[in-house]
Amino acid sequence: MSLQTKYLLDESRMPKFWYNIQADLPAPAPAVLHPGTLQPVGPDDLAPLFPMELIGQEVSTEREIEIPEPVRDVYRAWRPAPLYRAHRLERALGTPAKIFYKYEGVSPAGSHKPNTAVAQAFYNHQAGVKRLVTETGAGQWGTALSYAGALFGLQVEIFQVRVSYDQKPYRRAVMETYGARCVASPSRETAYGRSVLEKTPDHPGSLGIAISEAVELAVQREDTKYALGSVLNHVLLHQTIIGLEAMEQLQMADEWPDVVVGCTGGGSNFAGIAFPFIGHGLRGGRKPRIVAVEPAACPSLTRGKYAYDFGDTGRMTPLTKMHTLGSQFTPPGFHAGGLRYHGMAPLVSHCRQLGLLEAVAYNQVECFEAGVLFARSEGIVPAPEANHAVKGAVVEALRCKQEGKAETILFNLCGHGHFDMSAYQKYFAGELTDEHYDEKELAMALAGLPSVPA
Ligand SMILES: Cc1ncc(COP(=O)(O)O)c(C=O)c1O
């Protein structure tokens with residue numbers, strides 16, 4: 001008997017709408033506040049940073065938001081992305097569980113990030129913007145925005161977190177190939193970067209610092225806007241195409257998940273696969289367990305405080321209520337650079353508060369171990385970030401083995417690791433260790449949260 005492995009949707013069946021979970025939540029997410037007045041921000045407060053279409057999506061409560069045809073036209077280069085049944089991984093684990101994974105590494109940039117990069121570049125281009133500034137960790141987001149900028153004729157400037165800039169030189173080469181300019185952060189190009197370097201000349205950088213630098217530059221010029229690769233509502237919205245496609249593909253397989261797993265940095269790939277399933281459950285459909293997997297070295301959902309905080313270290317952004325380790329917290333320089341962020345998307349945080357999802361944290365060595373097992377059975381070398389989702393799925397599959405249950409597990413394989421091979425080399429040399437954050441620094445960062453009256 002032949003076992004079906006790939007579930008492919010024809011281009012004509014690519015979703016025409018993104019799914020907005022804000023339409024189905026039993027309580028709205030807390031308002032975003034202006035850091036000076038502590039009043040809810042209005043569109044004008046955000047206008048220096050984003051075009052109006054994206055600001056509108058940020059606050060929209062419409063359930064379905066149409067994907068513009070020029071965006072769909074670009075998506076067709078790799079979407080619909082395949083859904084795979086991981087037969088060989090199941091056999092390697094000896095589990096009765098059925099494991100499915102949605103593979104986002106087929107995009108030109110190698111991850112889920114172009115799903116929003118293309119949309120953001122399109123809306124900015126439509127609004128007459130000429131230049132986009134952004135941050136990047138591992139470089140996946142920077143690569144995605146560079147690619148999208150090239151398609152829509154936008155100049156792209158990227159602040160890449162210093163530790164990743166040094167660990168992954170070929171990522172920078174790809175960004176430059178697409179025509180972007182990439183600078184290590186903290187840099188001497190912004191007042192905030194200079195202030196960090198004055199105190200700590202060899203600072204490893206963090207996403208929070210790189211965001212401050214990008215925002216500082218973006219607000220200086222009329223023709224320039226800022227683009228964020230995760231966290232914000234509109235970014236999560238654009239990623240829901242992942243879960244929407246997966247729903248159709250699972251129906252082709254005559255399946256529905258009992259568990260949905262994704263890794264969480266800022267929360268966008270996780271929301272992309274999970275929100276359509278959460279929404280389906282909120283509207284009366286079957287409710288799978290939803291599991292967010294984060295790194296133990298940067299555990300915002302499992303160890304952070306649910307509080308108002310800044311999205312960046314330089315305290316330039318509005319205040320959002322989220323699970324946070326404190327905007328002054330610098331996570332250790334572990335290899336899943338895309339997961340080194342102090343906060344969690346407000347919508348993911350809100351869902352956690354509402355009991356709509358679970359969160360777990362794993363160390364990097366056990367995640368690489370799961371990633372290597374995955375590569376040796378399924379053939380794809382996952383990005384270090386995606387290894388967290390693989391680990392989460394393996395843990396669920398082994399639980400099923402122990403309990404003798406044939407559950408269906410769906411996880412998001414959000415990117416490949418072809419630019420992350422130095423991390424794998426370190427793993428094989430036994431040099432990859434579990435990074436631990438400084439408890440004192442975490443306590444100080446949490447004590448320094450802005451005070452916002454309840
Ligand atoms: C492959 C990959 N996965 C996950 C992430 C984390 O971001 P998010 O939680 O927004 O998906 C990143 C971020 O750079 C990434 O490159």
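First listed ligand is number 1; within each ligand, the first listed atom is number 1. For reference, positions follow the sequence shown, starting with 1. This one's a predicted model, so the numbers in the text were calculated from it and none came from an experiment. What you see below is based on every heavy atom in this structure, not just the backbone, and it leaves out hydrogens, waters and symmetry mates.
Checked by distance only, ligand 1 and Gly266 come closer than 3.5 Å through their nitrogen or oxygen atoms. Backbone and side-chain nitrogen or oxygen atoms of Asn269 are examined, and one is located within less than 3.5 angstrom of a nitrogen or oxygen of ligand 1. In terms of polar-atom proximity, Ala138 is not counted as a contact of ligand 1, lacking any N or O under 3.5 Å from an N or O of the ligand. Considering backbone and side-chain N/O of His112, one or more are found under 3.5 Å from N/O of ligand 1.
A salt bridge does not link Arg85 with Glu255: every distance from a Lys NZ or Arg NE/NH1/NH2 to an Asp or Glu carboxylate oxygen is 4.0 Å or more. Note on Arg181 versus Glu189: salt bridge recorded, some NZ/NE/NH1/NH2 to OD/OE distance being below 4.0 Å.
The nearest protein atom to atom 3 (N) of ligand 1, hydrogens excluded, is given as Cys414 SG, 3.1 Å; this is a heavy-atom distance. Atom 10 (O) of ligand 1 has as its closest protein heavy atom Ser230 OG, 2.4 Å. In terms of protein heavy-atom proximity, atom 14 (O) of ligand 1 is nearest to Gly338 CA, 3.4 Å.
Within the 4.0 Å heavy-atom shell around ligand 1 one does not find Ala386. Residue Lys113 places a heavy atom less than 4.0 Å from ligand 1.
With a 4.0 Å heavy-atom cut-off, ligand 1 is reached by the backbone of Ser268 and by its side chain too. No part of Gln239 comes within 4.0 Å of ligand 1, judged by heavy-atom distances. In Thr264, the part holding a heavy atom less than 4.0 Å from any atom of ligand 1 is the backbone.
More than 12 heavy atoms of other shown residues, nucleotides or ligands fall within 6.0 angstrom of atom CZ in Arg131.
Trp18 and His238 have tilted rings, their planes meeting at an angle from 30° to 60° on a 0 to 90° scale. Between His280 and Trp256, the ring planes lie tilted relative to each other; the angle falls in the 30° to 60° range. Aromatic ring pairs are classed by plane angle as parallel below 30°, tilted from 30° to 60° and perpendicular above 60°; the pair Phe374 and Phe411 is perpendicular. Taking the six-membered ring where the residue is Trp, Phe428 and Tyr424 present tilted rings, their angle falling between 30° and 60°.
Of all atoms in ligand 1, numbered sequentially from 1 with element shown, those under 4.0 Å from a heavy atom of Leu339 are 6 (C). Of all atoms in ligand 1, numbered sequentially from 1 with element shown, those under 4.0 Å from a heavy atom of Gln140 are 1 (C), 16 (O).
A ring-centre distance under 6.0 Å is not found for His342 and Phe329. Between Tyr170 and Phe419, the ring centre distance reaches or exceeds 6.0 Å.
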